[in-house]
Amino acid sequence: MKNAVTFDLYKTDSGTRARRGCLHTPHGDVQTPVFMPVGTQATIKAMKPEDVAGLGHEGVNIILSNTYHLYLRPGHEIVRKAGGLHKFMNWKGAILTDSGGFQVFSLGDLRKITEEGVEFRSFIDGSKHMFTPEKSMEVQNALGSDIIMAFDECAPPDADRGYIKKSLERTTRWLRRCKDSHKDVERQSLFGIMQGGFFKDLRYESAMQICELDLPGYAIGGLSVGEPKEVMYDVLDNCVELLPSDKPRYLMGVGSPDCLFEGVERGIDMFDCVLPTRIARNAAAFTSVGKVNLRNAVHTDDFEPLDPNCDCYCCRNYSRAYLRHLCKSNEIMSSMLLTEHNLYFLVRTMEKIREAIEEDRFLEYKQEFFDSYGEF
RNA sequence: GUGGGUGUAGUCAAGCGGUCAAGACACUGGGUUGUGGCUCCAGUAUGCGUGAGUUCGAAUCUCAUCACCCACC
C-alpha cells in the first residue's frame, strides 16, 4: 500500500537546516520549499486557476483550500457530486485542505470545544454545526484533496500552560481518530499537526506523540497567531528538528517574505498564507525593495513599474501611478493585478531560494534579498 | 428693481445663544500571517462669506455688506 503523497529529500544546505526536496502527489510533483497560495472558497481570490498555475518561472503546483468554508457553502456533498474539488474549481495541480481546526480558533465566539469535537455557529447563517475529527475526514474525503490536514485545536496564544498542554494532548487523540477514520490513504495523505504553544517542552511532547503515528507529513500549528516574530523563530529553532527529516514539514499560516526565509533556514518545506492575496486587495504589495502601499500619494505621478526587478505581468505592463489610480478608484483590476504580483513575488522568491539551496548558497541569497528588501 | 432663500473643512452637510463645531464622502498615514475582510484603525476647520453690534458668552440674535439661487416686475 503506497501513500498518496511521498517526499524525496534531495539536499540539505551545508550552513543551515534549509532543505531542497520534492513532494510527489496524485496531481503532480511539488518542488520544495514551496509557498502554497490560499484559495479558501475554492478560488484564489481575483485570479483564474490557469493564471495561478502559470506564476513564477516554474509555475504553481499546489494550493490550499478550506474544509470549513466548503462544508458550509456549497456543502461538501455538492463538491463530491461535481467530481471533487479539483474538477469543481478547475485546478489541475495538487490541493491541500485545511481541516477547519483553525476556524475553531479564529471564530472565537460561539463555539464549544469538547472531547468529542467542536460545536460552532455558521458565519453565513448562524446555524449550529458539529465538527469532529471524523467529520473533518469525511468532508475532506468528499473534497478529494491530495493532502488533508488533521482536525486540531489551535489554542489561543494567551492560553495558560495548563490549557495548552490539555489542548495538545486532545489534538493528539483527535489525530488518532482522524487516522482511524481516514481509509483511502492511497488517494489522500493525512498530515498531523504539532501544537504546544510557545513552550519548548510541550512542543517536544506534541512532536513525540504525533510522530508515533508515522504519517506522510507533519505541520507546525499554533504559530503566527499574533506573537512577536522572534518568539516564532525561537520555537522553530527548537521544534522543527523534532519532526522526521524524511517527511515534509509544513509551517501553517506563514507567508511574509522575511518569515519564509527564516522558516526555510530552520528546515521548513511548506508554507501557506493569505497575506499576499489579502494585502493585495487592500492596495499593498511586496517588492524587492520592501513593502509598498499603492495608496500613498508619492505614487501619484510615478510611472515606473511597481517592482523594477520583477517580470510578472503586472510589472511588465503597468505603472505605480496606474495601480494607485485603480486602488483609489476601487477598481477590480487593482485586486487582480496586485494579487498576481504578490503571489508571483513569493513564488519566484521561493524558486530562487530552491536554486540557492541547490547551489549551497542559501545564506548568501538570504543576505542579498534582505539587503534590498529591508529588515521586514 | 421688488420679495424670498442660502452662505459652516475639498464635497454634501448637522448645529439654531453656553464643555472640545456632529456625521458622511474625499484626502493623508497605518494595519492585515492554517481568509467571517474590495476591510479595519487613526488623522485633518485657531474656524462657521465679510464687517460692525447686542451679550458674561455668538456659527447660532441684530444691522450693514458681498456672493449665489428662486419668484415677480
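Naming: A, B, ... by sequence-line order, numbering from 1 per chain. Since the model is a prediction, treat every value here as computed from it, not as a measurement.
Within the nucleic acid shown, A:Gly126 has no heavy atom closer than 4.0 Å to any nucleic acid atom. Residue A:Ser335 is out of contact with every strand shown, counting any heavy-atom pair closer than 4.0 Å. Counting non-hydrogen atoms under 4.0 angstrom, A:Asn282 reaches a base of the nucleic acid. Here A:Cys327 lies out of heavy-atom contact (under 4.0 Å) with every strand. Heavy atoms of A:Gln195 sit under 4.0 angstrom from at least one base atom. Note on A:Ser334: nothing from the nucleic acid sits closer than 4.0 angstrom, heavy atoms only.
Considering only side-chain atoms of A:Thr40, the nucleotide from B:G34, B:U35, B:U32 that sits closest is B:U35. Considering only the side chain of A:Arg281, B:C38 comes nearest among B:G30, B:C38, B:G36. When distances are taken from the side chain of A:Arg278 to each of B:U32, B:G34, B:U39, the shortest belongs to B:U32. When the nucleotides B:U39, B:G36, B:U35 are ranked by their closest atom to the side chain of A:Ser106, B:G36 comes out on top. When distances are taken from the side chain of A:Asn296 to each of B:G34, B:G30, B:U32, the shortest belongs to B:G30. When the nucleotides B:G34, B:G29, B:U32 are ranked by their closest atom to the side chain of A:Asp152, B:G34 comes out on top. With B:U35, B:G30, B:C38 as the candidates, the nucleotide lying closest to the side chain of A:Val274 is B:U35.
Centroid-to-centroid, the aromatic rings of A:Tyr373 and A:Phe286 stay 6.0 Å apart or farther. Aromatic ring centres of A:Phe120 and A:Phe131 lie closer together than 6.0 Å. In summary, the aromatic rings of A:Tyr313 and A:Tyr318 are positioned with their centroids under 6.0 Å apart. Between A:Phe271 and A:Tyr250, the ring centre distance reaches or exceeds 6.0 Å.
Following rounding to the nearest Å, A:Ile279 (CD1) and B:G37 (P) show an atom-to-atom distance of 17 Å. Atom pair A:Asn293:CG and B:C38:C1' shows a separation of 14 Å (rounding to whole Å applied). Regarding A:Leu294, its CG atom lies at a distance of 14 Å from the P atom of B:G31, rounded to whole Å. The CD1-P distance, from A:Ile193 to B:G34, rounds to 13 Å in whole Å. When the P atom of B:U32 is taken as reference, atom CG of A:Asn342 falls 14 Å away, rounded to whole Å. In this structure, A:Leu346 atom CG and B:G34 atom P are separated by 13 Å, rounded to whole Å. Here the P atom of nucleotide B:G29 and the CZ atom of A:Arg324 are 7 Å apart, to the nearest Å. Counting to the nearest Å, the P atom of B:G36 and the CG atom of A:Asp125 are 16 Å from each other.
A tilted orientation is assigned to the rings of A:Tyr322 and A:His325, their planes being inclined by 30° to 60°. Between A:Tyr365 and A:Phe261, the ring planes lie tilted relative to each other; the angle falls in the 30° to 60° range.
To the nearest whole angstrom, the two C1' atoms, one in B:U6 and one in B:U50, are 16 Å apart. Rounded to a whole angstrom, the distance from the P atom of B:A26 to that of B:C69 is 29 Å. Going from the C1' atom of B:C68 to that of B:G49 covers 11 Å, rounded to whole Å. Here the separation of B:G57 from B:G1, taken at their P atoms, is 38 Å to the nearest Å. Going from the P atom of B:U46 to that of B:A21 covers 11 Å, rounded to whole Å. B:C66 and B:G29 have their C1' atoms separated by 39 Å, with the value rounded to a whole Å. Rounded to a whole angstrom, the distance from the C1' atom of B:A59 to that of B:G15 is 8 Å. B:C20 and B:A24: their P atoms are spaced 22 Å apart (whole Å).
With its glycosidic angle more than 90° from 0, B:G17 is assigned anti.
Counting distance only, with no hydrogens placed and no angle test, the side-chain atoms of A:Arg73 and the base atoms of B:G36 include no donor-acceptor pair under 3.5 Å.
For A:Gln103 and B:G36, the shortest distance from a side-chain N or O to OP1 or OP2 is below 4.0 Å. A:Lys328 has no side-chain polar atom (N or O) that falls below the 4.0 Å cut-off from OP1 or OP2 of B:C38. Distances shorter than 4.0 Å separate some side-chain N or O of A:Asn66 from OP1 or OP2 on B:U35. For the OP1/OP2 pair of B:U39 and a distance below 4.0 Å, the side-chain nitrogens and oxygens of A:Asn330 include no atom meeting the criterion.
Here the side chain of A:Ser99 pairs a donor or acceptor atom with the backbone of A:Ala150 at under 3.5 angstrom.
With a 3.5 Å limit on both pairing distances and Watson-Crick or G-U wobble geometry required, the stems of 3 or more pairs in RNA chain B span B:1-7 with B:66-72, B:10-12 with B:23-25, B:27-31 with B:39-43, B:49-53 with B:61-65.
Residues A:Glu262 and A:Lys366 are paired through a salt bridge, judged by an N-O separation under 4.0 Å between the basic side chain and the carboxylate. With respect to the salt-bridge test (charged N to carboxylate O, under 4.0 angstrom), the residues A:Arg361 and A:Glu359 qualify.
A cation-pi geometry, defined here as NZ or CZ lying under 6.0 Å from the six-membered ring centre and within 45° of its normal, does not hold between A:Arg320 and A:Phe303.
The 5' end of RNA chain B is approached more closely, in terms of each residue's nearest nucleotide, by A:Ser65 than by the other of A:Glu331 and A:Ser65. Toward the 5' end of RNA chain B, the nearer of the two residues A:Asp98 and A:Ile332, judged by each one's closest nucleotide, is A:Asp98.
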